[in-house]
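What follows is a set of notes on a single structure, which appears directly below.
Side chains included, hydrogens not; waters and symmetry mates left out as well; all remaining heavy atoms used.
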Amino acid sequence: MPEVSRRTLIQAAAITGAASALTVTPAHADALSIAADGITLVAEADGSILVRDGSGTDRLRIGHFMIKDSVLGQQRTFGGTPSLTTVDGRPALQVAYKMSASASAVTVRGTFTVAARRASLRWEVTGSATLTPTGYMFSRTLIGNTAPEKYVPATVWTKDARGGVPYEINAGSLYQETWAGTSAYFRLAASRPSFTNATWIHAPADADGATRVELVLGDMRPGAANAVATAAPLGVDLWSDQPFGLYEPGATLAVNAQVVNGGAAAKPVTLTWWARDFDGAVLGTGTLSRTVEPGGAWRETFTVRGPAQGIVFTEVTATSGSEEAFARTNLATLKPYTYRSDGRFGIANYTWLLVPDKQQVGRLMQKLGVNWVRIAYDGAPGIPPAELDALGIKHNVQLGGVIFNGTAEQIAAWADDRARIATQSGAAYFEVANELNQPWMSGQKAAEYVRDGLKPIHDRLKDSGIKLMNCGLGGMDHRWTTNFHAAGGWDLIDAFAFHPGRGNFTADYAPPPEEWEQGSNGSYWNFLGALRKARQTLDEYGGDKELWLTEAYACTRPNHWWNDTHRQAAENTLLQLALCLSEGVDGVNWYQPHDSTIHHPQEADPNNPEYHFGLLNRDTSAKPALLAFATATRHLEGATFKRWLTFADPDLKGLLFGTPRGKLAILWSRKDGYILNRDHGADQWYPHPEGWVDHWPTKATVSLKTSGPTVREIDCIGQERTITATGRRAQVTLDGAPRLYYGLEL
């Protein structure tokens with residue numbers, strides 16, 4: 001390495017910026033280093049960058065850089081020459097990397113700077129006109145880590161200036177490294193974890209061709225580290241140590257907040273927090289103040305007493321002058337319950353997001369009364385079939401890839417493979433492909449599906465004991481079903497499967513099929529009308545087929561009129577599941593356990609409805625809909641539908657069930673109509689009210705006969721109250737939210 005004189009070192013150390021925080025010294029005879037509060041970078045003779053924490057402990061080493069080129073392919077560096085330089089008046093390390101002979105025209109240079117608890121890593125690649133910057137990577141080696149590396153999408157909370165509820169947006173990609181008592185985070189604007197491995201982190205270049213990575217070192221949460229990495233004025237991370245934020249009844253609920261100062265100077269910070277229940281009552285609130293150093297983290301824990309059963313919405317806001325950051329999460333309580341083994345409700349999508357771990361996810365499904373998982377086989381994401389068996393959860397298979405108009409050999413190979421997977425999985429049902437009825441209501445490819453997909457599977461599994469379902473239809477597509485029946489498909493299935501979908505309609509909205517409007521916001525996407533058409537189809541075609549909803553949902557995409565608020569989703573979840581039993585459905589799989597998609601786990605995408613179908617939020621905290629699902633599984637378990645209830649007032653609605661606990665009535669009113677968010681404008685945006693806001697303006701009080709001195713009333717999330725009868729009659733107040741009643745004589 002070139003000699004670095006003492007004069008050069010003194011000049012570099014004297015250059016200001018954060019002169020008191022930055023130092024540059026010879027680490028030993030053949031190395032250079034720069035340091036700031038809590039972090040030191042050492043440039044070693046081979047060009048590697050050694051990272052030390054504030055105690056001087058070696059934590060990790062940053063080694064080679066890999067480029068991608070459409071002509072040269074992938075090429076990596078082989079060592080490099082370090083030197084001192086300056087960046088914006090601050091001391092910096094620079095490495096001129098060595099390339100192989102086949103890529104000798106390519107130049108790779110790394111530049112590294114430090115700030116409080118943060119290092120900025122930058123690589124520039126030049127010398128080729130055929131570079132593919134989206135494929136760049138860098139290597140890292142961990143020293144003494146106590147846990148495997150973890151990919152964590154970074155998000156921040158934001159608000160729309162027009163109003164509505166706050167929501168999360170993506171804010172980068174984090175790779176978390178863990179040691180006892182501290183962590184490090186590599187932060188990139190974007191990275192594909194599927195490209196990352198034990199040696200290389202995927203690090204695509206920015207628009208200017210340079211790769212930029214921030215490394216944050218310290219005892220921080222991901223959200224806090226991301227704020228430091230991006231030099232955000234303030235950052236807030238909010239979480240519960242309790243899995244899913246789900247507690248036992250009446251427990252003390254705790255939410256943790258970590259506030260960080262991502263700026264370059266100390267600042268006074270005011271922290272404000274609140275917690276509200278489902279009815280909007282403030283359960284706790286407070287304000288604290290503290291001066292936070294640059295890169296510093298401030299942690300607090302706030303507690304409230306939990307209800308017997310219910311949801312608690314929480315928010316923490318940090319402010320300093322005009323600067324502000326905030327975050328939200330939910331806490332919840334759920335009563336214990338022992339389920340029977342004959343429940344009809346399950347989960348549709350893979351239970352693949354095993355956060356915090358597979359055991360906790362399995363226990364959560366047991367708490368919710370999940371009796372079926374739609375897709376489970378060895379090698380699939382999520383909990384394997386044998387482990388579901390041990391949990392007492394039954395499982396099916398849905399596999400697609402039908403080769404339309406393929407050769408006989410192609411179709412046979414596909415069918416052999418899918419039949420083998422289904423058989424080895426121990427599936428009770430095989431749903432052959434998914435939503436192949438597109439475009440909706442066009443009737444296309446029904447005959448081809450029977451010929452190339454369903455029949456080959458049927459022929460291989462007809463004596464296996466596995467029941468067959470058609471591809472779950474998107475909406476109740478009766479035109480496709482007519483063609484499917486004509487092609488002989490009806491005789492090949494044991495169960496008819498479809499996905500009713502639902503837009504800004506209450507669950508019991510049931511326009512006749514001849515009035516269904518097509519399009520992404522059309523009334524084709526209604527629940528009860530579709531369900532009744534499916535039941536009519538089964539009765540017409542016969543054959544004693546089962547009826548399955550292999551996907552049902554209540555989408556909570558924020559601030560869109562077509563989708564539910566969190567309160568509407570809870571109400572509709574309960575009512576949809578009850579309506580399923582009223583129409584004799586044999587199985588319902590809810591789509592899905594958590595907000596996310598399998599290709600972008602735990603990222604945020606506020607405008608994509610596919611991200612918002614979960615019973616859990618993106619951070620895996622409970623939505624009100626999760627409690628509504630549990631309310632349905634518990635009270636409808638073993639229930640037998642008796643009849644629809646009628647009242648003198650035609651706007652009052654009800655369902656009557658016989659249950660092991662006695663007669664159960666579910667009552668609601670439609671005085672405010674069947675259309676939700678009906679006052680929306682021409683575009684999709686609509687200011688959703690908060691989850692604790694009652695959105696039904698019209699209340700109807702009705703006097704009903706009782707079977708005893710009291711009536712037990714249960715709302716959609718399982719909160720209970722007792723109504724006292726007078727002269728064997730009770731005054732019951734109804735609105736658009738369905739409620740459960742025991743003790744009524746109807």
Side-chain angles (χ1 to χ4, degrees), residues 117 147 150 152 154-157 166 168 174 176 178-183 185 216 218-228 232 234-262 267-278 281-293 295-320 323-334 355-357 360 364 602 616-623 691-692:
R117 282 167 282 281
K150 178 182 178 182
V152 184
T155 65
V156 295
W157 283 85
E168 289 179 285
L174 299 171
Q176 179 179 351
T178 303
W179 299 267
T182 194
S183 298
Y185 296 86
V216 176
D219 184 14
M220 294 186 196
R221 293 276 302 177
N226 194 60
V228 173
L234 292 169
V236 177
D237 199 320
L238 196 61
W239 76 100
S240 171
D241 291 324
Q242 183 77 5
F244 318 109
L246 194 60
Y247 291 79
E248 295 297 314
T252 298
L253 315 185
V255 63
N256 306 303
Q258 189 174 57
V259 179
V260 294
N261 171 10
K267 64 181 68 172
V269 178
T270 299
L271 185 154
T272 303
W273 72 278
W274 53 254
R276 287 182 171 88
D277 67 12
F278 194 61
V282 176
L283 304 180
T285 187
T287 300
L288 301 170
S289 296
R290 177 178 295 184
T291 297
V292 182
E293 297 300 315
W298 169 21
R299 175 171 169 168
E300 294 286 349
T301 297
F302 307 107
T303 61
V304 297
R305 176 63 62 183
Q309 180 161 315
I311 196 85
V312 177
F313 306 96
T314 68
E315 179 180 285
V316 169
T317 301
T319 58
S320 181
E323 301 166 352
E324 179 181 292
F326 73 100
R328 288 186 169 190
T329 194
N330 293 345
L331 308 171
T333 54
L334 181 63
V355 177
D357 56 53
Q360 293 290 354
L364 175 66
Q602 286 192 281
L616 299 166
N617 291 303
R618 186 209 61 81
D619 71 346
T620 74
S621 65
K623 292 182 180 180
W692 56 83

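- To the nearest 0.5 Å, atoms CD (Q258) and OG1 (T301) are separated by 10.5 Å.
- Evaluation of the salt bridge (charged side-chain N to carboxylate O under 4.0 Å, His left out) rule for E293 yields no partner, not counting sequence neighbours.
- The side-chain heavy atoms of V269 and N261, taken from C-beta on, include no pair separated by under 4.5 Å.
- Summarising the local packing, NZ of K267 is surrounded by more than 12 heavy atoms from other residues, nucleotides or ligands at distances under 6.0 Å.
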Inset, instruction - Verify side chain to side chain contact (heavy atoms under 4.5 Å, CB included) between F244 and L334, making sure each step is shown before the conclusion. - result: CA-CA 11 Å; F244 318 109; L334 181 63; over 6 Å; no
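- No donor-acceptor pair under 3.5 Å is formed between the side chain of Y185 and the backbone N or O of V152.
- Scanning for salt bridge (charged side-chain N to carboxylate O under 4.0 Å, His left out) contacts around R221 gives D237, with sequence neighbours left out.
- Annotation: side chain of L364 is in contact with side chain of L616 (closest heavy-atom distance under 4.5 Å).
- Atom OG1 of T329 and atom CG of N617 lie 7.0 Å apart (nearest 0.5 Å).
- The structure places OG of S621 at 9.0 Å from CG of L238, a figure rounded to the nearest 0.5 Å.
- No donor-acceptor distance shorter than 3.5 angstrom exists from the side chain of T333 to the backbone of E248, with no hydrogens or angles considered.
- Here the shortest heavy-atom pairing between A254 and S240 reads O-OG, 3.7 Å.
- Using a 4.5 Å heavy-atom threshold, the side chains of V260 and V292 count as separate.
- G295 and M220 make their closest contact through O-CE, 3.2 Å (heavy atoms, listed as atom of the first residue, atom of the second, distance).
- Put simply, the side chain of T155 does not reach to within 4.5 Å of the side chain of Q602, judged on heavy atoms.
- Contact between P222 and Q176 at its shortest, heavy atoms only, is CG-OE1, 4.1 Å.
- The shortest heavy-atom contact between A622 and N330 is O-ND2, 2.9 Å.
- No side-chain heavy atom of T317 sits less than 4.5 Å from a side-chain heavy atom of V236.
- Of all heavy-atom pairs between A332 and I311, the closest is CB-CD1, 3.9 Å.
- A distance of 5.0 Å separates CZ in R276 from CH2 in W692, rounded to the nearest 0.5 Å.
- To the nearest 0.5 Å, atoms OG1 (T314) and CG (N256) are separated by 10.0 Å.
- Rounding to the nearest 0.5 Å places CZ of F313 at 10.5 Å from CG of L331.
- Minimum interatomic distance between P268 and S320 (heavy atoms only, all atoms of both residues): O-OG, 2.7 Å.
- Side-chain contact check for R305 versus T252: some heavy-atom pair is nearer than 4.5 Å.
- Side chains of T272 and T319 form no contact here, defined as non-hydrogen atoms less than 4.5 Å apart.
- The closest side-chain heavy-atom distance from P307 to D277 is not below 4.5 Å.
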